[in-house]
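Data first, discussion second: the structure below is written as structure tokens.
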Amino acid sequence: MYSEVVAPILASLGGATVIVAAFAHFLGKVWTDRISKSNSARFNSELEALKARNTLALEEFKTKSSLSLKERESFAGISQEFYQQFFAKRIETYQSLLKIKNDYIAGMEEEFLTEELERWGDIYHSTYTSLRKLMIENQFYISNDLDRLFGELRTLASKYIKDADLVEAHYSNSETPPWENEHLYAVYNSFAKKTSGEMKQVFEQISFDVSKLRSRVEID
């Protein structure tokens with residue numbers, strides 16, 4: 001009797017369990033599909049947004065690169081033109097410096113009247129004055145070494161230039177030529193003796209700079 005009652009109940013429960021398990025499996029599959037689709041949609045959306053940002057960044061980079069390239073090409077053209085003008089002006093400056101140097105050598109060593117009239121100091125002062133004027137007007141075009149050496153000479157020369165100017169101002173109404181003025185000659189002579197070493201270095205640097213310029217333009 002017990003088995004007749006219990007058996008149907010267990011049978012019915014067993015059937016329900018199978019149904020519940022099948023239903024749970026079905027629901028799990030449905031939710032898994034929904035979650036998978038939701039995640040896939042979100043990932044696709046994020047991927048598209050990332051692609052859009054990267055595309056925008058790439059376009060901005062292309063635009064900036066194009067502008068930068070144009071600026072560099074333009075600058076290169078200006079630089080080449082500027083360099084050509086600079087080099088031409090530098091050559092012109094050193095041609096003038098060479099002339100001053102050669103005139104100095106000719107006056108000091110080749111002109112017989114210099115020794116006869118004892119005009120060394122006057123020639124020295126005149127040479128320095130010409131150098132100073134040219135150097136100041138073309139300081140941008142001379143080498144750094146020449147600029148430094150002439151700066152040292154100019155510092156030492158300042159005292160003698162002031163003394164010479166004072167003497168010239170004092171004897172401005174005199175008919176005596178400057179090189180025959182004993183006071184002025186004394187200043188010129190002292191100037192030449194005290195700064196001749198620096199003047200020599202300046203001339204040597206001019207020759208060195210010219211040799212470098214010559215090596216850049218020589219073809220053979």
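Just so you know, these numbers use all the heavy atoms, side chains as well, and skip hydrogens, waters and symmetry mates. Quick caveat: nothing in here was measured; it's all calculated off a predicted structure. The first residue in the sequence is number 1, and the count goes up from there.
- The line from OG1 of T93 to CG of L146 is 10.5 Å long, rounded to the nearest 0.5 Å.
- Under the 4.5 Å side-chain criterion, counting only non-hydrogen atoms from C-beta, E198 is not in contact with L149.
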Dump the intermediate steps for side-chain contact (heavy atoms from CB on, under 4.5 Å) on Q201 and D145, then the final yes or no.
CA-CA 10 Å; Q201 288 182 329; D145 289 332; over 6 Å; no
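- Side chains of Y128 and Y160 form no contact here, defined as non-hydrogen atoms less than 4.5 Å apart.
- Proximity of R132 to F150: side-chain heavy atoms (C-beta onward) are separated by under 4.5 Å at one or more points.
- Atom CZ in R90 sits 11.0 Å away from atom CG in N138 (nearest 0.5 Å).
- Contact record, F191 with H125: CE2-CA, 4.1 Å, taken as the closest heavy-atom pair.
- Within the model, atoms OG1 of T155 and CD of E152 stand 7.5 Å from one another, a figure rounded to the nearest 0.5 Å.
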CA sep, side-chain torsions, deciding dist, call: E92, L97, side-chain contact (heavy atoms from CB on, under 4.5 Å)
CA-CA 9 Å; E92 180 184 340; L97 289 171; over 6 Å; no
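- Counting only heavy atoms from C-beta outward, the side chains of V187 and L166 never approach each other to under 4.5 Å.
- Across all non-hydrogen atoms, the minimal contact from I123 to G107 is CD1-O, 3.5 Å.
- With contacts defined as side-chain heavy-atom distances shorter than 4.5 Å, the pair L131/M199 qualifies.
- Here the straight-line distance linking atom NZ of K99 with atom OG of S130 works out to 8.5 Å at 0.5 Å rounding.
- Taking 4.5 Å as the limit, every side-chain heavy atom of Y124 sits out of range of all side-chain heavy atoms of N189.
- Under the 3.5 Å distance criterion, with hydrogens and angles disregarded, no donor-acceptor pair is assigned to the side chains of Y104 and S126.
- The minimum heavy-atom distance between Q205 and S143, with the atom names listed, is NE2-OG, 4.1 Å.
- Taking CG of L153 as the start and CE of M135 as the end, the distance is 8.5 Å to the nearest 0.5 Å.
- F87 is linked by a side-chain contact (heavy atoms from CB on, under 4.5 Å) to Y83, I91, L213, R216, V217, counting only residues two or more places apart in sequence or in another chain.
- At a threshold of 4.5 Å between non-hydrogen side-chain atoms, the residues F203 and T127 count as touching.
- In this structure, a donor-acceptor pair under 3.5 Å is present between the side chains of D209 and Y94.
- Here the side chains of R214 and S211 are in contact, with some heavy-atom distance below 4.5 Å.
- Rounding to the nearest 0.5 Å gives a distance of 15.0 Å between NZ of K101 and OG of S96.
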